[in-house]
Each structure stands twice: as C-alpha cells, then as structure tokens.
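In what follows, a single structure is set out as structure tokens and then discussed.
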2 protein chains.
Amino acid sequence: MTASSKRTKKQAILETALGLFVSQGFHGTSTATIAREAGVATGTLFHHFPSKEQLLEQLFLGVKQEFADAIQASASSRGSLKQDAEQLWFAALNWAMANPLKQAFFQLYSMSPNLEQSVRDQAMHGILGFIAELIRQGQTSGELAEYPIELMQDNCHGQYLAATRYFVDHPERWQQAHERSASFALFWNAMAVR
Amino acid sequence: MTASSKRTKKQAILETALGLFVSQGFHGTSTATIAREAGVATGTLFHHFPSKEQLLEQLFLGVKQEFADAIQASASSRGSLKQDAEQLWFAALNWAMANPLKQAFFQLYSMSPNLEQSVRDQAMHGILGFIAELIRQGQTSGELAEYPIELMQDNCHGQYLAATRYFVDHPERWQQAHERSASFALFWNAMAVR
DNA sequence: GTCTATACCTTGATAGAC
DNA sequence: GTCTATCAAGGTATAGAC
C-alpha cells in the first residue's frame, strides 16, 4: 500500500474522535470509546496524545487549517468586489458541503468552553481577518454601507453559519441554482449600498 | 420574607446549573458540583429532578418560555411591516442584553447533542414559526424578496445570533443608537426588495 | 423537603511486556 | 508503536434518618 493510502493509527484516532465529539460532546465521549471505535488500545491513544484535551486541540487546529487552505486557495483571482465576495462565499459553502462533519465540529467547538479561549480566538481571527479588509475596500469604493466593521464581520459569520446549516440539512436544495444564488443575495444585500 | 423573595432550593439548583452548564458544558458539570454551589445536598437535587438529563430539559424549556413570553409581549402593536420587524428585532435583542447568561445557554444548547432533538426542534419551531408568517406577508406585499422561506427564516436566526454575540461582547456599543440601527439595517436589507 | 452516607460504575491516565 | 492490565479519582443515583 502507498504512503497516502495507509491510514495511521493516529489518523484513525483523530477521525473517530471527530465523529464522537460532534455526536456526543467532549466530556460525553470517553477516551476508551474513542480507542475502541478507532480499533486501537487506550495506551496507543495516550502514546500519540498526551491528554484528552490535547487531542481535542490538535483536532480543532487541524480542521481549522483545512478550512483556511480550502477558501484561500480559491480567493486569488481578482474581479469586482462583488465577484470576489461571491467566489469566497461559495468556496466556503462548498467546503462545508463537502465536509459536513468537520463543519459541524468547527461550529460546535468554536464557542465551546472545552477549548481554551486563546485557541478559539486565534482561529477565528486568522480566518475572518481578511474579511475585514474586503469590507474596508467596499466602504471606500462606496459599494458597502459604512456600518461598524466588527458588526459587519460578525454578521457575515452569522449568515455563513445559517446558510451552512440550511444546506447541510437539505442537501438537495444545494443542487438548485436559485437556492444557491438566493443565499448569496441575502449575504450581499445585507451590506450593499442600494 | 415574601413569596417572591424566598428563593426555593429548586430555583437555586436551576440557576446554579444554568451558569455551570454554560461555563463548563453539560457532561463537564457534575451533579455534585451543582448541588454544592447551590448550597443543597445531592439528595435534594435528585428529589426535585429525576435525573441530570431531566434537569437540563426543564432548564431549557423554562428559558425558552421566558424568551418567547418576552418577545411576544411586545409583538402586538400593528404598524407597517418594517416597523413590526424593527420592534421584534429590538425586543429580542433587549432580552438577550438583559439576560446574557440565558442567551448564552439558549444558544449553546439549541444545537447540543445533550438535548433530544425533538425538544430542540419543538423549541425552535415555536419561536421562529411566526417569523415565517411575517416573511410571507412581506413577499405578498412586495416588500420582501421571494427567496425560499426556510432559507430566509434560517438567515434571520443567524443574523440574530451574530448581533447578540456582538452586543453581549461589547455592551457599551449597545448604548449607541447608530450601532443599534446598523444592526437592524443589516437584518432588514438582507431580505428587503430594493 | 432536606440531609448524610454510600453503592456502584465509568473515567482519564499509567506501567510495563512485546 | 502497540498492546493488556490496572489504578485512583470522580461520576450518577439511591437509601434511609430527620
């Protein structure tokens, strides 16, 4: 088997923990359960991760990185501001649709007390930071309303979370172009100057 | 002491559990800790609530009812659709600002696997159900865009959650009229026909 | 209704053979 | 790196006196 097709025990533990943390919560999932479901021994789990908390943290940072890579890969081409925003919007939604478990995990644990606040804040700023720059550009060019930037940033985030919930819960609607464009219209019109 | 000023042990347990469930999560909070912090014995806790799960459920349904009462009390006066929406928006935000802990609890546990899905869904439908009716009115009168209703409903919810997070995290901004009106503008413009 | 005491189980983590 | 075996601590819930 090739290097890429061979799933290591460590990866198996991470993938299993992802599913269990989403469906049962952090404290609701025991390390023994993770190990059993991943097909490894508890000793193996604690060989790869010094503690249950560290396992959660590595999982969170890994998923965050995957998401950041996915949307920044498609954020390079330059068009109008609205076109750029649209591309970003659908890149983010595409990732969520392709990785519903990771999306659910990220959403649940972005506000969870099980992760240190510094870890959570850092993740949020890294991902949402460049959104603020786009908003500023739009305000300067007169395309976007001059509301407080942080409010607009939080609003973007909230609308993204709502859209992902909607489409993940109803995958067939994601196939329909008018549903997809409606989701972006709601997002854009909230901030756009009429 | 009067009937209203005398806090029963049961109420003390509920209030203590509210704070602990928010700061430490459901499984992260032990019944022993709740009892100790509430100043009662564990036996007393299990006298009032048959199980830890039932305690969470009663807490959730109680908070849901408080919220529903608060916004429906101020949703009666009839003006234009936009005026009605504005009144509703600020009634909901006012409640969140006055009850930040309950808001945080409601937000965290509305999507938590610790509560049965039927309980969560029922709560959401009861609260957001009449929003759908307002949206339909706006679409008929031509004031609101004709996007799929459920998408718009979820979008409203997401924008509300974003706004509450923003103002709860920055209470001083809630005192400024232009911040408040900006939050409603974002909400309304997302759906409004230009 | 409220308490103390406790039964019984599961937990996170470790030790040491392989 | 992986396993089995095990520990000490903490978990939910109950029993029974007051």
Side-chain angles (χ1 to χ4, degrees), chain A residues 1-62 105 108-109 112-116 119, chain B residues 1-60 62 108-109 112-116 119:
Chain A
M1 57 186 73
T2 68
S4 63
S5 73
K6 182 186 182 203
R7 228 164 265 139
T8 69
K9 301 262 180 185
K10 183 170 180 177
Q11 285 173 314
I13 293 167
L14 283 169
E15 286 169 22
T16 305
L18 173 70
L20 289 172
F21 284 162
V22 167
S23 62
Q24 309 189 25
F26 178 67
H27 289 289
T29 304
S30 72
T31 51
T33 303
I34 297 172
R36 178 166 27 83
E37 195 143 316
V40 305
T42 66
T44 306
L45 190 154
F46 284 99
H47 170 75
H48 290 290
F49 306 94
S51 74
K52 193 185 174 187
E53 265 88 15
Q54 294 269 335
L55 166 58
L56 175 66
E57 196 172 307
Q58 285 195 37
L59 190 55
F60 183 80
L61 292 176
F105 171 80
L108 272 175
Y109 287 87
S112 156
N114 303 124
L115 273 166
E116 284 192 26
V119 178
Chain B
M1 56 185 75
T2 67
S4 63
S5 73
K6 181 183 181 205
R7 228 164 262 141
T8 69
K9 302 263 179 184
K10 182 170 181 176
Q11 286 172 314
I13 293 168
L14 284 168
E15 286 169 22
T16 304
L18 173 70
L20 290 172
F21 284 162
V22 167
S23 61
Q24 311 190 24
F26 178 66
H27 289 289
T29 305
S30 73
T31 50
T33 303
I34 297 172
R36 178 167 25 82
E37 194 143 316
V40 305
T42 68
T44 306
L45 190 154
F46 285 98
H47 170 75
H48 290 291
F49 306 95
S51 75
K52 194 185 173 186
E53 264 87 13
Q54 292 271 333
L55 165 57
L56 175 66
E57 196 172 309
Q58 285 195 37
L59 189 54
F60 183 80
L108 274 174
Y109 288 88
S112 156
N114 303 124
L115 273 166
E116 284 193 26
V119 177

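Lettering follows sequence order; numbering is per chain, from 1.
If you measure from atom CD of B:Gln24 to atom C1' of D:dG10, you get 14 Å, rounded to the nearest angstrom. Atom P of nucleotide D:dT12 and atom CG of B:Leu56 are separated by 13 Å, given to the nearest angstrom. In this entry the distance linking CG of B:Leu55 with C1' of D:dA13 reads 14 Å, nearest Å. In this entry the distance linking CD1 of A:Ile34 with C1' of C:dT11 reads 12 Å, nearest Å. Separating the CZ atom of B:Arg36 from the P atom of C:dC3 is a distance of 14 Å, rounded to the nearest angstrom. One atom, CG of B:Leu45, and another, P of D:dA13, lie 9 Å apart when rounded to the nearest Å. Rounded to an integer number of Å, the gap from NE2 of A:His27 to C1' of D:dG10 is 13 Å. A:Arg7 has its CZ atom 19 Å from the C1' atom of D:dG1, to the nearest Å.
Listed pair A:Lys9 / D:dC3 meets the phosphate criterion, a side-chain N or O lying under 4.0 Å from OP1 or OP2. Applying the 4.0 Å criterion to OP1 and OP2 of D:dT12, one finds that B:Thr31 has a side-chain N or O inside that range. Within the 4.0 Å cut-off from OP1 or OP2 of C:dC3, not a single side-chain nitrogen or oxygen of B:His47 is found.
A:Phe46 approaches A:Lys52 most closely through the heavy-atom pair CE2-N, 4.3 Å.
Proximity note for A:Phe46 (side chain, C-beta onward) versus C:dT2, C:dG12, D:dT2: the nearest is C:dG12. Looking at the side chain of A:His48, the nearest of the listed nucleotides D:dG1, C:dC3, D:dC3 is D:dG1. Distance from the side chain of B:Lys52 is smallest for D:dA13 among the nucleotides D:dA13, D:dC3, C:dC3.
The residue A:Ser30 sits close only to the backbone: its heavy atoms come under 4.0 Å of sugar-phosphate atoms, none of a base. At a threshold of 4.0 angstrom between heavy atoms, the contacts of B:Thr42 include nucleobase atoms, whether or not backbone atoms are also involved. Residue A:Thr29 is classed as a sugar-phosphate contact, given heavy-atom separations below 4.0 Å to backbone atoms only.
A distance of 11.5 Å separates CG in A:Asn114 from CZ in A:Phe60, rounded to the nearest 0.5 Å.
Annotation: cation-pi geometry satisfied between A:Lys10 and A:Phe49 (NZ/CZ under 6.0 angstrom from ring centroid, within 45° of ring axis).
Here the side chains of A:Leu55 and A:Ile34 are in contact, with some heavy-atom distance below 4.5 Å. Taking 4.5 Å as the limit, some side-chain heavy atom of B:Arg7 sits within range of a side-chain heavy atom of B:Glu15.
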